[in-house]
Amino acid sequence: MRQSLKDVLKMLEEARNTKDILKLNCVNEKLTQIKGLLRISEQADVSLQESLAKSDSTVALQELTKVGIASEKVEDLTAQARQCLGQLAYRSDENMVVEVDEPHLTSNDVTDPPPPPLVVIRPPAASPTQ
Amino acid sequence: MRAVWQIMGAAGIFAIALSPVPAAAQLEEANGIKVGDGRLHPYLGLELRYDTAALYSDTNQLRAELIAHISPGLRFDLQGPAVTINLDGKVDYVRYTGWITPGSGSLSRLQAEASLAARYIKEGPFGVELTDQFSRLDRTTNVSLGAGILSLFNDVRLAVPIHPGGGAIEVTPSLAYTFERLSPISLQTVPGCTDPTCDPNLISGQNYQEVRPALEARWKFFPKTAFVLDTRMHFRTYASSANPSASLLKGMVGVAGLISARVAVVAKAGWGQDFTGSRGKTVLGQLELSYLLSDTNKLKIGYLHTLEPVSVFGSYADHRAYGETRLLLSGRLQLHASVAADFLSFTNSSRNDTDFSVMVEPEYQVTKWMIVTVGYRLDLRSSNQSTVSLNFARHEPYLRVVFIY
């Protein structure tokens, strides 16, 4: 799980370097969840060690299950982070990913959508040759 | 005619010279010229547009024209750990070819657009945002106008996002300053014109400046859903006192964000009132639903009711229904389509306008440095006033090629 965290941190750094805000947000979202799961796993690991010392197999099994579920989720999130692509990114073949910045990048925060634009008019001019 | 092709040919050669040919071998490299921590992207846009409402003839008939746009520009992007800068500017030589309506060449002109967005957001409770929009175009948001104009417009805005604690609450006070200078394209009076909105000699009196303080706030009660507050005041004055100034307050509250994994909503309601000038007042509202097919594909429909300042009448209310989609298909093809219907009613006046627009714009990224767009736009404008320039249909098929490094 710590290796997964390192991998996703590397992806985050790559997204930052390529100035791809959408990819950065996407990877960051996965990273936040992975950090949370890692914290839960570390706490479960401590409890697991304690319960083993007390020979409490029921609690130990519960904590082991927690670590197992967290591990699966971290694996899943790491795979999702690899799929994070920018707005105009495209895959040209299996091995190469080409990314292009969008000319007018909009905010990806769904709680802060851009306001609808005002009405714009373009009246035709009268002929200048009249 | 020959001159246009010569210009476009020379521009094309310039674009090819700028472009990193052969590109296939360089596709994996980042494009742009490295400037400090950012990248500078020169580009050149070439467009040919058929406009069915290019001008009015001396017999009051709408005439079509083929219009060429040659628009070189520069874009600068910098995304540092604390500072983000996006700068984009271009000039646009608009050439009326005269191929369909002889003599239209005298309408040829130089237009320009530029935008700046600079953000300083470090881990901490404060950020700073500075944005600026500049344009010299033949279009305006001053919807009362019924004469062809060139608008010199600038809007600068300074905002200070404040997000104490974990960032669940964000309060953003801001201050904006806008000015718009209008000049008529032609000094000929528009056929059927009986009021100041279409008299070229009275256009300059509708130049305005506006100061706009605002306060926006968001409280994320779920990670991707928030209560929102949006209040702003428009203090607008015109060059001629014949145009009522505005002190227009708008305030709306509501929610914005995800209501399911794929559906986002904006639901806001409020009140708008002009305390001087027109004294217009009305309920404001917005309801917008977005369906998020994926990170890159989105469908959006919505309804908006707003009150805005405008020359001659002081303010107008707009009932708008709109829809928009952006779809990234097969990696390189982006389909952008939008539709909007605006029903405008001007305060203290019997005038009512309708503006309907449809736009379909498939954009194909041939290579990393070349984007081809084939688009179509329809604008239908109608009014209960008889002025011909308030009642017309404009069809615009166009072909655009952008070379960008």
Side-chain angles (χ1 to χ4, degrees), chain A residues 12-30 32-33 36 80 83-93 95-130, chain B residues 27-28 30 39 53-58 62 75 77 79 81 88 103 106-107 138-141 143 145-149 184-186 188-191 218 220 224-226 228 256-258 264 266 286 288 295-296 302 304 308 318 320 322 328 331-332 334 342 344 355 365 368 379 381 389 392:
Chain A
L12 188 81
E13 194 55 37
E14 284 169 4
R16 196 170 278 145
N17 290 340
T18 54
K19 300 175 286 295
D20 189 331
I21 294 171
L22 291 182
K23 186 173 174 180
L24 193 67
N25 286 336
C26 178
V27 174
N28 192 41
E29 189 187 323
K30 313 299 174 200
T32 308
Q33 293 178 52
Q80 286 177 31
Q83 296 300 313
C84 290
L85 293 174
Q87 181 105 11
L88 271 182
Y90 59 83
R91 285 181 185 279
S92 55
D93 63 44
N95 303 314
M96 184 176 74
V97 176
V98 180
E99 295 165 22
V100 181
D101 296 335
E102 190 190 27
H104 302 289
L105 200 62
T106 53
S107 166
N108 197 33
D109 186 351
V110 287
T111 66
D112 188 19
L118 294 173
V119 191
V120 174
I121 57 156
R122 191 153 66 97
S127 169
T129 58
Q130 279 185 79
Chain B
L27 277 177
E28 286 173 285
R39 283 199 171 265
L55 72 159
Y56 283 105
S57 71
D58 48 9
L62 269 180
R75 208 180 85 207
D77 297 317
Q79 189 175 340
D88 191 355
S106 57
L107 291 173
D138 60 351
R139 60 203 69 191
T140 177
T141 54
V143 293
L145 282 175
I149 49 89
I185 293 175
S186 166
Q188 300 296 328
T189 306
V190 178
R218 277 185 299 155
K220 289 186 182 178
K224 292 193 172 182
T225 315
V228 291
L258 291 178
V266 177
Q286 184 188 4
E288 182 180 289
D295 279 349
T296 54
L304 174 75
E308 299 290 336
D318 179 9
R320 164 183 281 200
Y322 59 94
L328 186 66
R332 297 188 181 199
Q334 183 171 245
D342 289 275
L344 315 176
D355 195 88
Q365 185 128 24
K368 191 173 182 178
D379 284 290
R381 195 175 183 203
S389 58
F392 65 91

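Letters go in sequence order (proteins before strands), and every chain restarts at 1. Scope of the values below: all heavy atoms of this structure, side chains included, with no hydrogens, waters or symmetry mates.
Residues passing the side chain to side chain contact (heavy atoms under 4.5 Å, CB included) test with B/Pro184, sequence neighbours excluded: B/Leu187, B/Pro200, B/Ile203. Listed by chain and number, the residues in a salt bridge (charged side-chain N to carboxylate O under 4.0 Å, His left out) with A/Arg122 are B/Asp51, B/Asp138, B/Glu396 (sequence neighbours excluded).
Only the backbone of B/Ala147 comes within contact range of chain A, judged by heavy atoms closer than 4.5 Å. Interface residue A/Pro117: backbone and side-chain heavy atoms are both found under 4.5 Å from chain B. Only the side chain of B/Leu304 comes within contact range of chain A, with at least one heavy atom under 4.5 Å from a heavy atom of that chain. Only the backbone of B/Thr225 comes within contact range of chain A, with heavy atoms under 4.5 Å apart. Looking at B/Val228, only its side chain comes within 4.5 Å of chain A, counting heavy atoms on both sides.
Ionic pairing of B/Asp77 and B/Arg75 is present here: one or more N-O contacts between side-chain nitrogen and carboxylate oxygen are shorter than 4.0 angstrom.
When B/Thr141, B/Thr140, B/Val143, B/Asp342 are compared by the number of non-hydrogen pairs under 4.5 Å with chain A, B/Thr140 comes out ahead.
Considering all non-hydrogen atoms of both residues, B/Arg218 and A/Asp112 come closest at NH1-CB, 3.3 Å. In plain terms, the two heavy atoms of B/Glu288 and A/Pro116 that are nearest each other are OE1-CG, 4.5 Å.
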